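Everything below concerns the one structure shown next.
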Amino acid sequence: DVKVTQSSRYLVKRTGEKVFLECVQDMDHENMFWYRQDPGLGLRLIYFSYDVKMKEKGDIPEGYSVSREKKERFSLILESASTNQTSMYLCASSRPWGGQGYEQYFGPGTRLTVT
Amino acid sequence: EDQVTQSPEALRLQEGESSSLNCSYTVSGLRGLFWYRQDPGKGPEFLFTLYSAGEEKEKERLKATLTKKESFLHITAPKPEDSATYLCAVPYNTDKLIFGTGTRLQVFP
């Protein structure tokens with residue numbers, strides 16, 4: 001069974017703190033993704049990684065950075081948390097596109113609140 | 001601009017009352033369309049991939065179909081446990097997905 005896990009289900013941080021969100025997948029997928037999900041705005045891509053140490057900005061990368069040192073692990077970093085980063089954060093992984101079987105599998109999400 | 005639009009935003013059904021959810025898209029060179037189910041406070045759960053117009057996929061009470069401009073998720077005789085938000089997504093620009101904002105389905109006993 002495919003599995004994507006995220007380090008925390010709920011997180012409360014203070015404004016200005018550095019925040020680390022961790023994601024691990026056990027499917028040997030090349031691609032990994034970080035999204036945030038807000039009511040009325042849907043899922044928005046923050047960053048995408050297509051290989052170890054490789055990354056690409058998504059639609060809303062400002063205020064975030066990422067790290068991928070190992071194939072199975074993808075970290076999202078909020079350098080200095082702000083209240084407008086309060087959101088649900090979702091990690092996903094997939095095979096690269098090559099015909100079929102490249103759907104994304106999601107983790108359970110981390111509900112981050114910044115006060 | 002690539003876009004995915006889902007309708008309706010919300011749908012209330014009586015148990016057993018069949019209906020359809022719509023996902024329309026504007027993207028050049030469609031490489032597939034994905035359907036997901038999302039329960040409140042959880043990550044999306046993959047349901048189906050449709051790769052070409054005319055294709056259909058089924059799972060229990062759900063059936064997904066695809067044309068050149070839109071996809072439908074048909075729900076036959078729904079049960080309360082089918083209540084969830086249903087998301088569709090299409091690939092763009094290599095391996096990224098663009099998601100619709102979803103249809104929130106509520107099925108009442």
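In the text below, chain A, chain B and the rest are named by the order of the sequence lines, each starting its count at 1. This structure is a prediction, so every number in the text was calculated from the model and none was measured.
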- Message: So which residue, B:T49, B:L97, B:I98, B:T101, ends up with the most heavy-atom pairs under 4.5 Å with chain A?
- Response: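 Top option by heavy-atom pairs under 4.5 Å: B:L97.
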- Between B:G41, B:G100, B:G102, which has the largest tally of heavy atom pairs under 4.5 Å with chain A?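 Top option by heavy-atom pairs under 4.5 Å: B:G41.
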- Message: Is it the case that over 12 heavy atoms from other parts of the model lie below 6.0 angstrom from the NZ atom of A:K71?
- Response: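 Above 12, so yes.
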- Got a sec: does the CD of B:Q106 have more than 12 other heavy atoms crowding it under 6.0 Å?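 Yes - once you tally the heavy atoms of other residues, nucleotides and ligands closer than 6.0 Å, there are more than 12.
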Please check if [X] and [Y] belong to a single hydrophobic cluster, counting links between Ile, Leu, Val, Met, Phe, Trp and Tyr side chain heavy atoms closer than 4.5 Å.
{"X": "A:F33", "Y": "A:Y47", "answer": "no"}
{"X": "B:V4", "Y": "B:W35", "answer": "yes"}
{"X": "A:M54", "Y": "A:W97", "answer": "yes"}

- What option among A:Q37, A:R44, A:R111, A:Q6 has the most heavy-atom pairs under 4.5 Å with chain B?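 Top count of heavy-atom pairs under 4.5 Å with chain B: A:Q37.
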- Looking only at heavy atoms, which two atoms of A:Q104 and B:Y36 are closest? And how far apart?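 Reported closest heavy-atom pair: O-OH, 2.6 Å.
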- Message: So which atom in A:L43 and which in B:L87 form the shortest heavy-atom distance, rounded to 0.1 Å?
- Response: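 It is CD1-CD1, 3.9 Å.
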- Evaluate the criterion ring pair (Phe, Tyr, Trp, His ring centres under 6.0 Å) for residue pair B:F46 and A:F106; output intermediate values, then yes/no. CA-CA 8 Å; B:F46 170 69; A:F106 283 83; over 10 Å; no
- Task: Check each atom of A:R9 against the heavy atoms of chain B and say whether the ones under 4.5 Å are side chain, backbone, both or neither.
- Result: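 The answer is the side chain of A:R9.
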- So which part of A:Y50 gets closer than 4.5 Å to some heavy atom of chain B, the side chain, the backbone, both or neither?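 No part of A:Y50 comes within 4.5 Å of chain B.
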- Task: Please confirm whether A:Y102 and B:F34 have ring centers closer than 6.0 angstrom.
- Result: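 Yes - the distance between ring centres of A:Y102 and B:F34 falls below the 6.0 Å cut-off.
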- Task: Only pairs at least two apart or in different chains count here, so list each salt bridge (charged side-chain N to carboxylate O under 4.0 Å, His left out) that has a residue in residues 89-99 of chain B.
- Result: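 The answer is A:E56-B:K96.
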- Message: Once salt bridge (charged side-chain N to carboxylate O under 4.0 Å, His left out) is applied, what residue pairs with a partner in residues 76-94 of chain B remain, sequence neighbours excluded?
- Response: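 Only B:R61-B:D82 qualify under salt bridge (charged side-chain N to carboxylate O under 4.0 Å, His left out).
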